[in-house]
Amino acid sequence: MTALVETGRFKVGDVVRVRTSPTFPTVNPRTPPYALGHVGKVIKAYGVIVNPQDHHQPYEPLYTLEFDAAQIWGPHASHVVVAEVHDEWLELFAQ
Amino acid sequence: MSGDHEHEHDHDHEHDHDHEHEHPPGHMHLVDPDANVAAIVADLEYFRRKRLEARLLYMLRRGYLPFATLLKAAQSSPAPEQAQPESDLDDRIKALQERLNALVTGILSLQVPIRSASIAIEDTRLERGDYDERFRLAKNTYPEPLLERIAVVEQVMLDSEFLVATAQRALIESGEVQPLAFDERIDALRSLGWRNGARIVARAWVDPGFKERLITQGRETVRELDIPPGKLGILGIAENTENVHNVVVCTLCSCYPHDLLGNPPWWYRTDGYKERVISDARGMLEEAFDLAIPAGVEIRVHDSTSDVRWLVIPQRPPGTEGLSEEELAQLVTPESLVGTALAGQAPAAATVVARGLEGIV
């Protein structure tokens, strides 16, 4: 089931930083560790995804972010990382 | 800090693995028995610890499947005995691969709904220690000499088969599960598989309207092909073009649209794949998958979560204009659906993949 109900704090095009801890205690215990502290761009905003087969309580609104891999792993990394991150792990970096 | 759970180093993952779940075992030649057995061990331990025993422990802890219920069910069925192993080594290993396929289906059948509670995948992630190492189930040890190793695999296989059968019986006898539910789930699981993905891709190649609906409206679109869409979150669609090559991984666990495509290729769950592809996709594809992506083509690595599970639409190979949709579907491989091979191209041999993963798992 994938009903989208609630939109989050960010919109497509926003440049956001992944926080090293969530803004509040969260039922969603994870975000990719390599992305912590790094800056990415919102390329898709899903809102809240209701997915009871996977987890009982819906997680916070979800975004697809785009990261320059070289920023995280250095210049030998010549790809783009596309990762989904939930709202409570993000803060606005620039617009 | 969350997220540390994925650094679980499965040192037995770096080897060959020829038991692709849908290939008839009789058609394979086992060039490397050690690597094949190592791959069986990797899958057996993954499904035993992370799917089977973790789930049973969850049901035990919550009182849905008490020890006594399990023991009574075990007493009411004869203890299984090991069949006489095949004398030919290849046949013996192939028999194990077949048993593993059936065992995995049985383990996954235990995910049918039970009467007392709704169990989500997340419950099992907690129970199996994805977020807390203290909950991790111990790994079995397997002796080095090949024949001794195979004998232990056969015993663990037998024990796990017995556990699955006993748990099914216990859940039925305690009224948690309807008698036919496991058989129905097993039939449904057998209809899943990457060939669904091949059909989706072939339709997307020949019908731009379908592709557009798939990208904008998501998994419900596959009903047009009479494929059950599943309902595990959102199906992300990543389309390869002449300028972009997409690859899929799940660095946090092993999220994959398995309710649509069945189980991912064996290496998808290895730490070696996860750690290398996310940090050095171009090098990884070239070394482990014999896939050189031209410098001008952007590689995009999609890191799946439980809420968005990705499927790659590979590029339609050149020179295929005259082919039917069915013929086009034959060009799609499980590897091409996650972007570690091109469509119409033989995927790298498992031994090559294992070599590329070696040293980092």
Side-chain angles (χ1 to χ4, degrees), chain A residues 1-4 18-22 25-37 40 43-89, chain B residues 1-7 111 113 117-123 125-126 130-132 218-220 229-236 238 244-253 255 259 275 277-285 293 295 298-310:
Chain A
M1 197 190 299
T2 57
L4 309 183
V18 182
R19 299 168 53 91
T20 49
S21 61
T26 173
V27 296
N28 162 34
R30 54 193 190 160
T31 212
Y34 60 79
L36 300 181
I43 60 170
K44 191 159 183 174
Y46 298 92
V48 167
I49 297 170
V50 179
N51 188 7
Q53 281 200 333
D54 194 276
H55 40 88
H56 300 286
Q57 284 179 273
Y59 295 157
E60 294 299 304
L62 186 68
Y63 307 90
T64 299
L65 305 182
E66 198 179 83
F67 298 89
D68 176 5
Q71 182 212 116
I72 302 173
W73 289 285
H76 75 280
S78 62
H79 60 284
V80 173
V81 169
V82 183
E84 276 73 40
V85 180
H86 293 270
D87 195 284
E88 75 275 32
W89 289 89
Chain B
M1 191 182 71
S2 84
D4 285 333
H5 57 271
E6 80 278 18
H7 293 290
Q111 292 170 0
S118 153
I119 305 177
I121 296 171
E122 180 68 6
D123 297 321
R125 281 192 205 109
L126 290 162
D130 273 15
Y131 310 124
D132 186 342
R219 63 168 71 230
E220 288 299 316
K231 44 190 169 183
L232 271 177
I234 286 177
L235 180 67
V244 173
H245 181 84
N246 295 285
V247 191
V248 180
V249 65
C250 171
T251 59
L252 286 171
C253 40
C255 292
D259 57 334
E275 290 168 14
V277 78
I278 196 72
S279 61
D280 178 21
R282 208 172 285 273
M284 170 80 176
L285 289 177
I293 302 297
E298 179 178 276
I299 298 178
R300 295 172 71 83
V301 181
H302 296 262
D303 193 357
S304 300
T305 60
S306 54
D307 278 345
V308 183
R309 294 157 188 260
W310 289 90

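Chain naming here is simple, since letters A, B, ... match the order of the sequence lines and numbering starts at 1 in each.
Only the backbone of I119(B) comes within contact range of chain A, judged by heavy atoms closer than 4.5 Å. If you measure heavy-atom distances from S78(A) to chain B, the contacts under 4.5 Å come from both the backbone and the side chain. No part of I72(A) comes within reach of chain B, as not one of its non-hydrogen atoms sits under 4.5 angstrom from that chain. Using a 4.5 Å cut-off between heavy atoms, V244(B) makes no contact with chain A at all. When heavy atoms are compared at a cutoff of 4.5 Å, F67(A) does not approach chain B at all.
Taking each heavy atom of L252(B) and P33(A) in turn, the nearest pair found is CD2-CD, 4.0 Å. Nearest heavy-atom pair, I278(B) versus W73(A), reported as atom, atom and distance to 0.1 Å: O-CZ3, 3.1 Å. Nearest heavy-atom pair across A77(A) and S279(B) is CB-O, 3.4 Å.
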Derivation and outcome, side-chain contact (heavy atoms from CB on, under 4.5 Å), residues V308(B) and T64(A): CA-CA 9 Å; V308(B) 183; T64(A) 299; 5.5 Å; no
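For the atom pair OG1 (T305(B)) and CD1 (I49(A)), the distance works out to 6.5 Å, reported to the nearest 0.5 Å. Expressed to the nearest 0.5 Å, how far OH of Y59(A) lies from CG of D307(B) amounts to 7.0 Å. Here the CD1-NE2 distance, from I121(B) to H56(A), works out to 10.5 Å after rounding to the nearest 0.5 Å.
For residues 79-87 of chain A, heavy-atom neighbours of chain B at less than 4.5 Å comprise H79(A), V80(A), V81(A), V82(A), A83(A), E84(A), H86(A), sorted by residue number.
Under the 3.5 Å distance criterion, the side-chain polar atoms of D303(B) are left unmatched by any main-chain donor or acceptor of P32(A).
Applying the salt bridge (Lys or Arg N to Asp or Glu O under 4.0 Å) test to pairs two or more places apart or on separate chains, those with a residue in residues 51-73 of chain A are D54(A)-R125(B), D54(A)-R309(B), E66(A)-R300(B).
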